Amino acid sequence: MRLWVRGGRVLDAATGLDAQLDVLIEDGRVARLSAPGPYGSASDEVVDARGCWVVPGLVDLCVHCGQPGHERRETLAEMVQAACWGGVTTLVIMPDTEPPVDSPAMVEQLHALAGRDGRVQVHVAAALTRGRQGQELAGMGGLARAGAVAFTDDDRPVMDSALMRHAMAYAAQLQRPVLGGGLDPGLSRGGLVREGAVSFRLGLPGIPAEAESVLAARDLELARLTGCTLHLARVSTLRTLELLAEARRRGLPVSASVSAHHLLLTWEALEGYDPSAKLWPPLGSPEDREGLRRALAEGLVDCVVSDHRALAPEEVQGDLASCPFGAAGLQTLAACVLGEMVHEGALEPLQAVRAVTWAPARLLGLPAGTLQEGARADVVVFDPARRWVVEPTTWPAGGRNSPLAGRPMRGQVVATIAGGRLVMRDGQLCG
């Protein structure tokens, strides 16, 4: 059966395309883009995209999977369902599972789990060090051969600078990027929120912005020393942006991402002591948020990630001190970037599409992020005018710990096609 996506505004940042077109999908591939018309036969399946944008499936470079080790939070199958509902068709899983992804067997296990579902593309970022303990390098060559697309110890940065230098030099030889940055554990230890006006007013232990910038500065210097391709993941402070801009001027091979929550929210979201607003890195000031938006629009920050981390219901019922860091984000990534950022004038439509499709795919060399003929048919139909309220309790799958709960949003995914299969339509999972 052939599938048509008809009458929508097709936006593809890979080619700069912005036009009213019909999209024909055959054998899991984009077969043709054509002027709107009465093509096809009665047996073809049709998705009506009139009044909507038709964009490549979203690519998310930072997702935390509960499986293995934390299935109570979310299984990989549930995470995939959340992705389909939110229009994300390509995922990169962080290595913070239990056990960590520090061996080829773990990479292969996650690929096998993802293959059982087969709806979305799942890639794996492997650990830099064994057990993510920062003591000795993981077997990076074997991990790369097993299919790891990048290396990172995620929220446990390697503090031994000599070891980090060796890791980055080895990654350069393997032609794999390192996802660096993070928060210095000495400066962030015991902190719950960003240090500043809100932490002082609420009496909460703070994490200074410098906890991020000191590590960013070190990793940028090591990128210069080793020639490693460095990606600063989830930048959140103005000073980190200044360091990134300086590195770019020096011609270093560096890129950066920002969490969607940091584009919408500030530390004021913690006024009600909401555990779902306890993020890593912590939410910053209004000035940080505006700086991040500006950096994304100007291309200094390359892409936006969900930083999805589902938590079990009992984990977000205590006080801030006892709750883990993290929030669900796969279900709201599209609305945050394609909807709110565009409606607020922070991004042009093609800029927004680029930030969650072509830019992240290009950074890691992933086969995604475009609607060019012959490409894998990962397609999202997004209604930019639809208004809705974030109600996590109604989501069909995935984590429900969202700091956006109760917030009115503009723009929503109405259909997701993954590998040529219609996997979500009008809020209902299918396929």
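Index from 1, following the sequence. All values below come from the heavy atoms of this structure, side chains included, with hydrogens, waters and symmetry mates left out. Since the structure is predicted, the reported quantities are computational estimates derived from the model, not experimental observations.
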Here the gap from Met409 atom CE to Arg386 atom CZ, rounded to the nearest 0.5 Å, amounts to 14.0 Å
Set of ring-ring contact (aromatic ring centres under 6.0 Å, His included) partners for Trp280, sequence neighbours left out: Phe325
Worked check of salt bridge (charged side-chain N to carboxylate O under 4.0 Å, His left out) between Glu221 and Arg218: CA-CA 5 Å; Glu221 284 297 286; Arg218 183 204 66 172; over 6 Å; no
Answer yes if the side chains of [X] and [Y] hold a donor-acceptor pair under 3.5 Å, and no otherwise.
X: Thr129; Y: Asp153; value: yes
X: Arg407; Y: Ser402; value: no
X: Asp60; Y: Ser306; value: yes
X: Asp288; Y: Thr237; value: no
X: Thr240; Y: Glu212; value: yes
X: Thr393; Y: Glu391; value: no
X: Asp117; Y: Gln81; value: no
X: His231; Y: Ser255; value: yes

More than 12 heavy atoms of other residues, nucleotides or ligands under 6.0 Å from [atom1] of [X]: is that the case?
X: Glu348; atom1: CD; value: no
X: Arg165; atom1: CZ; value: no
X: Arg250; atom1: CZ; value: yes
X: Glu98; atom1: CD; value: yes

Indicate yes or no: at least one non-hydrogen side-chain atom of [X] is less than 4.5 angstrom from one of [Y].
X: Thr90; Y: Leu58; value: no
X: Pro68; Y: Leu110; value: yes
X: Thr229; Y: Val178; value: no

Write out all pairs satisfying salt bridge (Lys or Arg N to Asp or Glu O under 4.0 Å) with one or both partners inside residues 66-90, taking only residues at least two apart or from two chains. Arg72-Glu314, Arg73-Glu315
Applying side chain to side chain donor-acceptor pair (under 3.5 Å) between Asp96 and each of Arg132, Arg309, Arg156, report the one that passes. Arg309
Across all chains, not counting sequence neighbours, the side-chain hydrogen bond (donor to acceptor under 3.5 Å, both in side chains) partners of Glu287 are Ser285
Could you pull out all residues at least two apart from Glu210 that satisfy side-chain hydrogen bond (donor to acceptor under 3.5 Å, both in side chains)? none
Which of Val55, Asp18, Val23, Val379 passes side chain to side chain contact (heavy atoms under 4.5 Å, CB included) with Val10? Answer is Val23
Exactly one of Leu24, Val54, Leu17 clears side chain to side chain contact (heavy atoms under 4.5 Å, CB included) with Leu33, and that residue is Leu17
Check for a donor-acceptor pair, side chain of His262 on one end and backbone N or O of Pro281 on the other, with a separation under 3.5 Å. yes
Any donor and acceptor pair, going by atom type alone, linking the side chain of Gln372 with main-chain N or O of Val30 inside 3.5 Å? no
For Arg387, enumerate each residue passing the side chain to side chain contact (heavy atoms under 4.5 Å, CB included) test, keeping only those at least two apart in sequence or located in another chain. Arg410
Those residues that, when tested against Glu242, pass side chain to side chain contact (heavy atoms under 4.5 Å, CB included) (two or more places apart): Arg239
Arg9 and Asp22: salt bridge (charged side-chain N to carboxylate O under 4.0 Å, His left out), yes or no, with the steps? CA-CA 9 Å; Arg9 178 184 177 184; Asp22 288 349; over 6 Å; no
